[in-house]
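The figures that follow rest on heavy atoms only: side chains count, while hydrogens, waters and symmetry mates do not.
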Amino acid sequence: MALPPFAADTLALEARSLLTRVMRLQPFALVMPMVGAARVSDAAALAVEHYLSHGQRELRQRIREYLRWLGTPQGRSATPVEAGRRFAFLKLRFNAAITQFDIFADALSVRSEVGNGVWLGGLDVAAEDALRLEARVFEMPPVITYLDRGHGAAIRRARTRLPGGGDNPAAIIRIPRERMVGSGIAASLVHEVGHQGAALLEIVPSLRREIQARQRWSRSHESAAWQMWDRWISEIIADFWAMAKLGIAATQGLLNVVSLPRAFVFRIAADDPHPFPWIRAKLSIASGSFLYPDPQWTLIDRLWESFYPTRGIDPQRIALIEGLEATMLPLVRLIAGHRTRVLGALPLIRAFDLASRRPQQLRRIFRDTRGSVRALQSLAPTLAFAVLGQAKQDRRLTPEKESRIVAELLTRWGLTRAIGDARTAHSQPKAAAA
């Protein structure tokens with residue numbers, strides 16, 4: 001049965017309606033109200049606009065091709081089923097384009113909020129610094145941060161598949177509102193950046209192979225522990241990245257997240273990629289003690305165990321905990337010395353500037369600067385967060401003053417980048433004319 005004229009006309013009207021709605025999608029530069037300091041970086045803005053415009057242009061082309069096809073002899077002789085099937089696929093592509101648009105719209109619209117928008121501009125700068133390594137072994141993708149409800153941070157990594165197809169042009173990091181604003185926000189931010197960094201270094205697959213090898217030749221109770229480390233390694237690497245960048249501020253932020261009722265702290269869920277809270281905190285402390293030796297780690301370790309003693313835990317979990325504690329330091333050493341194809345001969349520990357994050361160095365910086373925002377602004381953002389975290393640990397910085405300093409730093413970082421981008425854009429025509 002050939003396609004009746006009424007059916008063809010109906011499908012054409014619906015296709016034209018899709019085309020009209022696609023044409024209504026405007027660039028974010030035209031629809032997102034925000035002050036200059038709240039803007040995402042030029043690289044992020046260009047990457048997102050280019051990606052979306054390319055997808056929308058391809059969709060418009062497909063819709064026009066479908067409309068032309070309806071008017072051809074082949075289209076007129078097609079069955080209603082065939083014509084409807086082609087339209088249904090167009091509608092799926094349209095829905096995917098809208099979904100992708102909304103992903104970035106959700107991330108950008110919050111930047112119109114007074115205060116929060118500018119702070120997000122500063123968090124973008126901090127996230128970019130958190131991804132930067134001493135050895136420049138990969139090309140850094142643009143980063144966009146945004147606020148959302150809930151208690152957990154998350155990342156949609158760059159160069160991963162988006163709904164409907166296509167690679168994400170920028171790393172999009174969700175920060176929970178309850179973390180704004182203090183040095184604790186750095187731990188959540190840098191942990192998520194760590195997921196992106198680990199993917200760029202291709203570290204998880206190769207590290208997993210080494211852990212599985214340890215599991216095969218270990219004794220039974222330690223073998224079970226290595227099996228759990230294998231399950232959790234993606235989150236462990238992200239925590240290690242945060243520690244390497246932030247020092248004790250990483251543990252402070254983590255303890256704030258995992259300080260839950262006792263039942264949850266010792267709950268081991270088979271489907272959870274995170275280590276259960278008690279052992280996750282212990283591993284953070286062990287990593288900090290390995291990277292930045294200092295008596296403070298023993299103090300924090302005892303404090304955590306006093307809050308959550310293991311007495312009363314069933315024998316099966318006690319056996320697992322003992323195996324995890326026995327293999328904890330070997331795991332940290334394995335991670336620190338791990339090499340990947342991307343790193344070449346360089347072990348992971350050498351990719352970070354650990355010397356500047358040593359507790360004695362952080363204490364010296366805070367003592368010399370007296371917590372001056374102007375002085376801290378001149379530091380790399382993650383180093384500034386590390387200095388504040390150490391000062392807070394040493395009881396030289398109150399939470400109230402810390403919040404004021406972090407808010408001011410985020411504002412200045414966002415403003416400084418906005419001014420720098422504006423100067424660069426202003427100088428380009430002159431350079432071209434010259």
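- By the 4.5 Å heavy-atom criterion applied to side chains, Arg357 and Leu383 are counted as neighbours.
- At least one side-chain heavy atom of Gln296 sits less than 4.5 Å from a side-chain heavy atom of Asp394.
- Smallest separation of non-hydrogen atoms from Ser234 and Val204: CA-CG2, 4.3 Å.
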- Message: Could you walk me through whether Ile98 and Leu25 satisfy the side chain to side chain contact (heavy atoms under 4.5 Å, CB included) test, starting with their C-alpha distance in whole Å, then the side-chain angles of each, then the deciding distance to 0.1 Å, before giving a yes or no?
- Response: CA-CA 9 Å; Ile98 295 298; Leu25 296 176; 3.8 Å; yes
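- The backbone N or O of Ile185 lies less than 3.5 Å from no partner atom in the side chain of Ser188, so there is not a single donor-acceptor pair.
- No hydrogens or angles considered: a donor-acceptor pair under 3.5 Å links the side chains of Ser356 and Asp353.
- Residue Arg396 places its CZ atom among 12 or fewer non-hydrogen atoms of other residues, nucleotides or ligands, all under 6.0 Å distant.
- A heavy-atom distance below 4.5 Å is found between the side chains of Met243 and Leu291.
- Distance alone, capped at 3.5 Å, places no donor-acceptor pair between the Glu222 side chain and the Trp217 backbone.
- To the nearest 0.5 Å, the span separating CG on Leu409 from CG on Leu376 amounts to 5.5 Å.
- In this model, no donor atom of one side chain and acceptor atom of the other lie less than 3.5 Å apart for Gln377 and Glu408.
- Pairing each heavy atom of Gly197 with each of Trp241, the nearest pair is CA-CH2, 3.5 Å.
- A distance of 9.0 Å separates OG of Ser17 from NZ of Lys91, quoted to the nearest 0.5 Å.
- A donor atom on one side chain and an acceptor atom on the other are not found under 3.5 Å apart for Arg157 and Gln196.
- Of the charged side-chain nitrogens involved, none lies within less than 4.0 Å of a carboxylate oxygen, so that Arg60 and Glu65 do not count as a salt-bridged pair.
- Taking the six-membered ring for Trp and the full ring otherwise, Trp297 and Tyr292 have centroids separated by 6.0 Å or more.
- Nearest heavy atoms, Arg132 versus Lys245: O-NZ, 2.6 Å.
- One N or O on the side chain of Ser223 and one on the backbone of Gln215 form a donor-acceptor pair closer than 3.5 Å.
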- Item | CA sep, side-chain torsions, deciding dist, call: Thr20, Arg24, side-chain hydrogen bond (donor to acceptor under 3.5 Å, both in side chains) | CA-CA 6 Å; Thr20 300; Arg24 288 286 183 185; over 6 Å; no
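- Heavy-atom contacts from other residues, nucleotides or ligands closer than 6.0 Å to CD of Gln316 number 12 or fewer.
- In this structure, His338 and Ser206 approach most closely via the heavy-atom pair NE2-OG, 2.7 Å.
- Judged by distance alone, with hydrogens and angles left aside, the side-chain atoms of Arg262 form a donor-acceptor pair with the main-chain N or O of Pro309 at under 3.5 Å.
- Put simply, the side chain of Phe290 does not reach to within 4.5 Å of the side chain of Ile285, judged on heavy atoms.
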- Go through the steps to decide whether Gln252 and Asn256 satisfy the test side chain to side chain contact (heavy atoms under 4.5 Å, CB included), and finish with yes or no. CA-CA 6 Å; Gln252 291 170 347; Asn256 181 268; over 6 Å; no
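- With contacts defined as side-chain heavy-atom distances shorter than 4.5 Å, the pair Ile211/Arg214 does not qualify.
- A salt bridge does not link Arg363 to Asp368: none of the charged nitrogens lies less than 4.0 Å from a carboxylate oxygen.
- Taking CG of Leu254 as the start and CG of Leu246 as the end, the distance is 11.5 Å to the nearest 0.5 Å.
- To the nearest 0.5 Å, atoms CD (Gln390) and CD1 (Ile365) are separated by 10.5 Å.
- Side-chain contact annotation: Thr327 with Trp229, donor-acceptor N/O pair under 3.5 Å present.
- A salt bridge between Arg159 and Asp167 is absent, with no side-chain N of the basic residue lying under 4.0 Å from a carboxylate O of the acidic one.
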- Would Leu334 and Leu207 count as a side chain to side chain contact (heavy atoms under 4.5 Å, CB included) if you check the C-alpha gap in whole Å, the side-chain angles of each, and the deciding distance to 0.1 Å? CA-CA 8 Å; Leu334 182 66; Leu207 190 53; 4.0 Å; yes
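- One N or O on the side chain of Asp314 and one on the backbone of Arg317 form a donor-acceptor pair closer than 3.5 Å.
- A donor-acceptor pair is defined here as one N or O able to donate and one able to accept, closer than 3.5 Å; no such pair exists between the side chain of Gln393 and the backbone of Ala249.
- A salt bridge links Arg93 with Glu58: at least one charged nitrogen is closer than 4.0 Å to a carboxylate oxygen.
- Closest non-hydrogen pair, Ala158 versus Ala171, comes out as CB-N, 3.6 Å.
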- Quick one: do Trp304 and Val265 satisfy side chain to side chain contact (heavy atoms under 4.5 Å, CB included)? Show the steps, please. CA-CA 11 Å; Trp304 180 249; Val265 170; 4.1 Å; yes
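- Residues Thr145 and Val40 have side chains not in contact (no heavy-atom distance under 4.5 Å, counting atoms from C-beta outward).
- For the pair Thr251/Leu255, a side-chain contact is recorded, criterion being any heavy-atom separation below 4.5 Å from C-beta on.
- Taking the charged nitrogens against the carboxylate oxygens, Glu202 and Arg341 do have a contact shorter than 4.0 Å, which makes a salt bridge.
- The structure places CD1 of Ile144 at 11.5 Å from CZ of Arg39, a figure rounded to the nearest 0.5 Å.
- The local environment of CZ in Arg86 is crowded, with over 12 non-hydrogen atoms from other residues, nucleotides or ligands closer than 6.0 Å.
- No hydrogens or angles considered: nothing links the side chains of Asn168 and Thr160 as a donor-acceptor pair under 3.5 Å.
- In this structure, a donor-acceptor pair under 3.5 Å is absent between the side chains of Ser284 and Asp239.
- The nearest pair of heavy atoms linking Ile318 to Thr310 is CD1-O, 3.7 Å.
- Using a 4.0 Å cut-off between charged side-chain N and carboxylate O, Arg267 and Asp272 make no salt bridge.
- Taking 4.5 Å as the limit, every side-chain heavy atom of Arg370 sits out of range of all side-chain heavy atoms of Ser372.
- Aromatic ring centroids of Phe385 and Trp413 lie under 6.0 Å apart.
- Taking CG of Leu162 as the start and OG1 of Thr99 as the end, the distance is 10.0 Å to the nearest 0.5 Å.
- Within a 6.0 Å sphere centred on CZ of Arg339, other residues, nucleotides and ligands contribute more than 12 heavy atoms.
- The backbone N or O of Asp148 sits nowhere less than 3.5 Å from a side-chain atom of Arg177 that would complete a donor-acceptor pair.
- Not less than 6.0 angstrom separates the ring centroid of Trp278 from the ring centroid of Tyr308.
- Between the side chain of Arg208 and the main chain of Asp230, a donor-acceptor pair closer than 3.5 Å is present.
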- Where do Glu305 and Lys282 land on the salt bridge (Lys or Arg N to Asp or Glu O under 4.0 Å) test, with the steps shown first? CA-CA 9 Å; Glu305 290 189 353; Lys282 294 280 286 186; 2.4 Å; yes
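- Within a 6.0 Å radius of CZ in Arg302, other residues, nucleotides and ligands contribute 12 heavy atoms or fewer.
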